[in-house]
S.K.: 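Encoded as structure tokens, here's the structure I'll be asking about.
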Number of protein chains: 2
Amino acid sequence: MSRPTIAAVARAAGVSVASVSRVLNGLPATGEMTERVRRAVQELGYVPDARARSLKVGRTFQLTLAVADVGNPVYVTMMRAVEEVVSAAGYRLVVTTTGRDVVDEVALVRGMARGYADGLVISPLRVDDDLIKSIRECEVPVVVAGNVPARAGVDTVRANSPKGIRLAVDHLVARGRRRIAFLNGPADTVPGTARAKGFADALKAHDLHPAATAEAADFTFPAGRAAAPRLPAAGKLDAVICANDLLAVGVMHELAANGLRVPEDVAVVGMDDSELAEQSFPPLTSVNLGSAERGRRAAELLLARIEDSTRTPRRIVVQPSLSVRRSTP
Amino acid sequence: MSRPTIAAVARAAGVSVASVSRVLNGLPATGEMTERVRRAVQELGYVPDARARSLKVGRTFQLTLAVADVGNPVYVTMMRAVEEVVSAAGYRLVVTTTGRDVVDEVALVRGMARGYADGLVISPLRVDDDLIKSIRECEVPVVVAGNVPARAGVDTVRANSPKGIRLAVDHLVARGRRRIAFLNGPADTVPGTARAKGFADALKAHDLHPAATAEAADFTFPAGRAAAPRLPAAGKLDAVICANDLLAVGVMHELAANGLRVPEDVAVVGMDDSELAEQSFPPLTSVNLGSAERGRRAAELLLARIEDSTRTPRRIVVQPSLSVRRSTP
DNA sequence: GTCTGACCTGTAAACGATTACAAGAACGAT
DNA sequence: ATCGTTCTTGTAATCGTTTACAGGTCAGAC
């Protein structure tokens with residue numbers, strides 16, 4: 001005995017399928033009609049088929065979120081925010097991880113044409129012309145959580161990481177640190193390049209030279225540990241800014257292993273202000289790039305564009321703030 | 001100009017829609033036919049519509065993963081493992097958070113009848129008869145990642161947390177600790193009850209009495225901090241086992257705030273062996289309950305059952321191990 | 001009493017694929 | 001040359017909804 005269809009309900013209620021559909025979708029009907037349909041639905045345990053419905057109405061009520069790595073706490077934060085907005089609007093969330101390669105991202109965007117979701121929030125680590133082209137041509141609305149050129153003509157929500165780094169540098173300088181190093185993630189990523197430039201500019205504004213800059217293999221904790229020895233010895237630096245919290249925690253571990261105290265010997269600042277910043281020891285001063293807000297607003301932009309595909313693309317920049325904790329003096 | 005349909009391709013190639021469909025699905029066709037269809041597809045940029053396809057074939061090639069909280073690192077690990085297996089098999093992953101309430105879970109399972117996914121992996125925090133009933137009656141295959149009674153007649157993958165706690169206790173006792181406390185999560189959850197009993201039994205096996213037991217409001221970091229003061233003073237205990245890593249890290253913070261050293265004054269053991277255990281300071285000795293493996297095997301069970309719905313339900317138990325780090329002597 | 005309009009309801013045509021079935025072509029065996 | 005078999009292709013039904021359109025009922029206005 002398979003699932004009852006709308007036709008079975010119509011038969012049981014002695015009405016037409018159209019009427020059943022109308023009652024179920026809240027279109028006007030007489031009280032008696034409504035009552036009969038309700039009863040039949042109840043009796044048969046009828047549940048409308050989402051597949052058939054989405055074929056007909058051309059919508060699946062699903063949205064896709066594509067991130068590089070679900071393990072990164074910053075994406076967890078974004079994902080939670082997106083999920084909240086999206087599910088409140090009656091959509092389900094499809095999560096895909098794109099991996100490191102840009103061609104995977106392009107394939108993903110192109111694949112949206114299959115219509116398994118009504119929109120896409122993508123947070124690309126690396127961006128090239130192919131990706132931008134695929135986003136422009138995408139069959140469904142796309143919102144980019146990250147930095148793409150305005151010519152892409154797409155809704156974006158991004159952080160202002162240079163300004164965020166500026167906050168971190170200002171803070172460190174105010175506390176008397178002058179020999180400041182920067183541990184970046186891969187410089188060929190979008191956040192990587194932005195942060196490198198942001199750091200250079202921020203130091204220049206204070207007439208300082210970088211104590212050092214280094215680059216981790218990716219934005220993970222082990223990469224942070226591995227890269228830490230490439231920073232100069234403690235005498236040569238009194239503060240390290242890291243391109244995200246995972247790297248920062250990796251560095252702190254390495255510092256501790258070398259008998260250095262945080263913040264007395266070396267101050268450490270992370271970025272993202274993820275839950276990890278709060279949980280690390282000492283708690284990590286971190287640049288809050290508004291990941292939850294970015295997720296929320298990206299989801300809202302996407303919903304708005306689904307409602308009205310003609311609106312001009314918006315480019316939202318979420319302002320950073322600094323969460324000062326005990327890893328800085 | 002809307003998306004081309006299979007009919008447009010057929011027209012362009014001068015063949016029937018059936019032939020196009022067959023070529024696209026790799027059914028036998030002559031070289032010439034294959035070539036003409038390929039060319040037309042290429043030219044029009046045709047991409048088959050997933051909605052129509054899933055209506056006809058009765059499958060969406062989507063699977064749902066339902067967890068209580070995407071922010072918990074243990075679910076992140078599981079999710080990553082599930083995603084990997086599932087996407088390798090050509091499925092997409094739909095992630096939903098169920099929240100704390102059991103009725104949400106029941107509604108979710110019932111809602112699977114809409115057919116928006118071909119299967120469900122659910123990791124319920126709280127289980128009642130309604131939930132079991134809804135799982136039994138679910139239209140699509142369900143795998144439970146967690147502990148439900150055998151009478152549910154459903155594939156399950158679960159951890160052996162009592163045995164895991166036993167490992168932790170053995171370890172602590174071997175290192176000379178005798179006054180061992182337990183910080184549990186909510187005792188009305190499935191993992192909560194299992195862990196409480198596991199702790200009691202493990203101590204009994206060593207002829208020890210619990211130094212104390214306390215219960216946190218949920219399985220989060222702030223709850224761990226908040227609950228720590230409810231444990232007895234340091235003189236009365238020399239080790240704390242916590243029901244997960246987040247609680248353990250919360251406790252360590254609180255201990256540090258009171259000037260106590262880990263592990264010298266108090267040893268701390270977590271559970272889940274999540275990435276956080278490695279990242280915390282000092283690195284946390286943690287019971288590895290095999291969350292990645294549980295995720296992987298749950299996904300595999302689900303795929304197997306989709307292939308063959310008649311197979312008898314399996315109940316897999318993943319064996320725990322202890323990852324010893326510096327939070328214990 | 002008739003006519004107009006409003007309002008429900010039912011019939012049937014979509015939506016875009018897959019696939020059962022039938023028809024036609026090709027080929028080998030007799 | 002005829003027949004039967006196999007292989008390829010096309011026609012049309014189908015999946016389960018939604019919805020345009022038409023038909024029917026009923027009330028109100030003249």
Side-chain angles (χ1 to χ4, degrees), chain A residues 1-38 40-41 44-62 90 111-118 139-140, chain B residues 1-38 40-41 44-62 90 111-118 139-140:
Chain A
M1 189 192 77
S2 154
R3 278 174 53 192
T5 69
I6 198 172
V9 176
R11 220 174 307 122
V15 301
S16 74
V17 292
S19 297
V20 176
S21 175
R22 276 189 289 256
V23 168
L24 261 37
N25 291 299
L27 296 175
T30 59
E32 141 115 43
M33 171 66 79
T34 306
E35 190 41 44
R36 297 177 71 158
V37 171
R38 287 223 184 292
V41 164
L44 299 178
Y46 168 75
V47 181
D49 185 310
R51 295 175 294 239
R53 180 161 211 279
S54 50
L55 170 59
K56 183 61 189 171
V57 304
R59 286 174 160 218
T60 56
F61 290 93
Q62 295 192 152
M112 296 302 293
R114 303 183 101 85
Y116 53 75
D118 302 341
E139 302 287 334
V140 300
Chain B
M1 192 191 76
S2 153
R3 277 176 54 191
T5 70
I6 198 172
V9 175
R11 221 174 305 122
V15 302
S16 74
V17 292
S19 297
V20 176
S21 175
R22 275 190 289 256
V23 168
L24 262 37
N25 289 301
L27 297 174
T30 60
E32 139 115 43
M33 172 64 79
T34 306
E35 190 44 42
R36 297 177 71 157
V37 170
R38 286 223 184 296
V41 164
L44 299 179
Y46 169 74
V47 180
D49 185 308
R51 296 174 292 242
R53 181 162 210 281
S54 52
L55 169 60
K56 181 60 188 171
V57 303
R59 284 173 160 220
T60 56
F61 290 93
Q62 294 191 153
M112 295 302 293
R114 302 183 103 83
Y116 53 76
D118 302 340
E139 302 286 334
V140 299

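Here is how names work: the chains are called A, B, and so on, in the same order as the sequence lines, proteins then strands, and each is numbered from 1.
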S.K.: Ignoring hydrogens and angles, does a donor from either the side chain of B:Arg22 or the base of D:dG10 sit under 3.5 Å from an acceptor on the other?
M.R.: yes
S.K.: When the distance from CZ of B:Arg59 to C1' of C:dA17 is rounded to whole Å, what number comes out?
M.R.: 16 Å
S.K.: Please answer whether the main-chain N or O of B:Leu27 pairs with a side-chain N or O of B:Asn25 as donor and acceptor at a distance below 3.5 Å.
M.R.: no
S.K.: Which nucleotide, D:dG10, D:dC15, D:dG16, lies nearest any side-chain atom of B:Ala18?
M.R.: D:dG10
S.K.: Side chain of A:Leu55 only, heavy atoms from C-beta on: which candidate in C:dC15, D:dT11, C:dC8 is closest?
M.R.: C:dC15
S.K.: According to a strict under-4.0 Å criterion, is B:Ser19 in side-chain N/O contact with OP1 or OP2 of D:dT9?
M.R.: no
S.K.: Mind listing the closest non-hydrogen atom pair of A:Arg3 and A:Val47 along with its distance?
M.R.: NH2-O, 3.1 Å
S.K.: What pair of heavy atoms forms the shortest contact from B:Ser16 to B:Ala10, and how long is it?
M.R.: C-CB, 3.7 Å
S.K.: Return no unless some side-chain N or O of B:Thr30 is found under 4.0 Å from OP1 or OP2 of D:dT9.
M.R.: yes
S.K.: Between A:Val17 and A:Ala29, which residue's closest nucleotide on DNA chain C lies nearer the 5′ terminus?
M.R.: A:Ala29
S.K.: The side chain of B:Thr5 is closest to which nucleotide in this list: D:dG10, C:dG10, C:dA17?
M.R.: C:dA17
S.K.: Tell me which of A:Arg53 and B:Val57 sits closer to the 5' end of DNA chain D, going by the nucleotide each one is nearest to.
M.R.: B:Val57
S.K.: Return no unless some side-chain N or O of B:Ser16 is found under 4.0 Å from OP1 or OP2 of D:dG10.
M.R.: yes
S.K.: Identify which nucleotide among D:dT8, D:dT19, C:dG16 has an atom closest to any side-chain atom of A:Ser21, counting heavy atoms from C-beta outward.
M.R.: D:dT19
